[in-house]
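Everything below concerns the one structure shown next.
If you're wondering where the values come from, they're calculated on a predicted model, not measured in any experiment. Positions are given from 1 along the sequence.
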Amino acid sequence: MRFSEDSVSSPNNAEISAGGTTPIRKRMGTAERKRQIVDSAIQFFARNGVDGQLRNLSKELGITHTLLYHYFPTKDALIQEVYKEVFESRWKPEWEELLDDESLTPEEKFNAFYLDYSNTVLTYDFVRILIFSGLSDHSISDRFFELLRKRLLPRLIRETRKYCGRSDTSKPTQRELEFLMGLHGGIFYIGMRRWIYGQAIYAAESPNTEQEIIRDRVQSYLHSAKSLFAQ
């Protein structure tokens, strides 16, 4: 038996009749229902991990398990939609344009990029879903790190070499990549402290502390890179 989006309702979709107390089922269109499922799945996976049972998600939504599978025939299909929403949709082409801008110095590029990157991705759902994926099937974490390897890391290595006075365009070495990931991971750790460990990063009266941390780590990375990799 197949259910349509009009065949069930949740408490959030009920309206009160003109007479007073009788709930009226609100019909939800296909796009609206799908949007509701994806939004709820993002928060569900962020709380419970990608191993969370979809029957529990159905209960939270107030819909049948059958209806959930009507929109997403497999759990993997729903996870891939969550990936597109939480990860792909936040990727900014402007980051690549920024790093390719010849009018800026490498230090200016690193600071501008990581300040915006941290504001964009170090959110509750992004950080927790990425960590949970790494602890389970890697379906999301592998895709995201591949995106970094293709579109971001080579540009950051190129700018690091420029800062070090090097002009070669050879493939990044494993040593260069690991050194860069120390910076990248250090900035991501800001989000982990907040959303995984529940630790405050800075006092409420010091709202600029996170930006100062990022600038300090960028400066430390570039200065260390010059001593290690300069010609």
Run the side-chain hydrogen bond (donor to acceptor under 3.5 Å, both in side chains) test on Asp168 and Ser170 for me, step by step, so that the C-alpha distance in whole Å, both residues' side-chain angles and the decisive distance to 0.1 Å come before the verdict. CA-CA 6 Å; Asp168 63 276; Ser170 60; 3.0 Å; yes
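- Taken to the nearest 0.5 Å, the NE2 atom of His138 stands 10.5 Å off from the CG atom of Leu130.
- Arg194 contributes no side-chain N or O that, together with a main-chain N or O of Ala200, makes up a donor-acceptor pair within less than 3.5 Å.
- How far CG of Leu222 is from CD of Glu159: 10.0 Å, rounded to the nearest 0.5 Å.
- Remark: of the listed residues Trp91, Phe144, Trp195, Phe144 is the sole one forming a ring-ring contact (aromatic ring centres under 6.0 Å, His included) with Phe126.
- Residues Gln174 and Glu178 bring a donor and an acceptor atom of their side chains to less than 3.5 Å of each other.
- Salt bridge status for Glu176 with Arg161: present, with a side-chain N to carboxylate O gap under 4.0 Å.
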I would like to know whether Glu60 and Arg47 meet salt bridge (charged side-chain N to carboxylate O under 4.0 Å, His left out); could you show each step before the answer? CA-CA 13 Å; Glu60 289 188 11; Arg47 289 195 314 273; 2.7 Å; yes
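- Atom OG1 of residue Thr30 and atom CD of residue Glu32 lie 10.0 Å apart, to the nearest 0.5 angstrom.
- Remark: Glu108 CD to Thr105 OG1 distance equals 3.5 Å, nearest 0.5 Å.
- Here the NZ-CG distance, from Lys75 to Leu68, works out to 11.0 Å after rounding to the nearest 0.5 Å.
- Side-chain contact between Met181 and Leu153 is present, with at least one heavy-atom pair separated by less than 4.5 Å.
- Two rings, from Tyr69 and His65, have their centers less than 6.0 Å apart.
- Remark: aromatic rings of Phe45 and Phe132 are distant, center separation not under 6.0 Å.
- Heavy atoms from other residues, nucleotides or ligands lying under 6.0 Å from NZ of Lys84 number 12 at most.
- In this structure a side-chain-to-backbone donor-acceptor pair under 3.5 Å is present from Asn111 to Glu107.
- Leu135 places none of its side-chain heavy atoms less than 4.5 Å from the side chain of Val50.
- The distance between the ring centers of Tyr117 and His184 falls below 6.0 angstrom.
- Between Phe179 and Phe229, the distance from one ring center to the other falls under 6.0 angstrom.
- Salt bridge status for Asp101 with Lys109: absent, with no side-chain N to carboxylate O gap under 4.0 Å.
- The closest side-chain donor-acceptor pair between Arg158 and Thr169, if any, does not fall under 3.5 angstrom.
- Formation of a donor-acceptor pair under 3.5 Å by the Ser133 side chain with backbone atoms of Ile129 is not found in this model.
- With salt bridges taken as basic N to acidic carboxylate O contacts below 4.0 Å, one links Glu88 and Arg143.
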How far apart are the C-alpha atoms of Phe188 and Val127, what are their side-chain angles, what is the distance that settles it, and do they pass the side-chain contact (heavy atoms from CB on, under 4.5 Å) test? CA-CA 8 Å; Phe188 185 74; Val127 171; 4.0 Å; yes
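- Summarising the geometry, atom CZ belonging to Arg35 is positioned 4.0 Å from atom CG belonging to Asp39; distances are rounded to the nearest 0.5 Å.
- Note: Tyr163 and Phe110 fail the aromatic proximity criterion, with ring centroids not under 6.0 Å apart.
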When you look at Ile213 and Tyr189, which way does the side-chain contact (heavy atoms from CB on, under 4.5 Å) test go after all the steps? CA-CA 11 Å; Ile213 291 171; Tyr189 185 65; over 6 Å; no
side-chain contact (heavy atoms from CB on, under 4.5 Å) between Tyr221 and Thr160, intermediate numbers included: CA-CA 9 Å; Tyr221 164 79; Thr160 302; 2.7 Å; yes
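- With hydrogens and angles ignored, the 3.5 Å screen pairs no side-chain donor or acceptor of Ser40 with any backbone N or O of Ile37.
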CA sep, side-chain torsions, deciding dist, call: Leu115, Arg215, side-chain contact (heavy atoms from CB on, under 4.5 Å): CA-CA 8 Å; Leu115 287 170; Arg215 289 192 178 95; 3.4 Å; yes
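- Judged by distance alone, the side chain of Ser220 and the main-chain N or O of Asp216 form no donor-acceptor pair under 3.5 Å.
- Few gaps surround NZ on Lys92; more than 12 heavy atoms of other groups in view lie less than 6.0 Å from it.
- Using modelled atom types, one side-chain atom of Arg90 and one backbone atom of Val86 make a donor-acceptor pair closer than 3.5 Å.
- In this structure the side chain of Ile214 reaches within 4.5 angstrom of the side chain of Ile190, judged on heavy atoms.
- Side-chain atoms of Asn48 and Gln43, non-hydrogen and from C-beta on, never get closer than 4.5 Å to each other.
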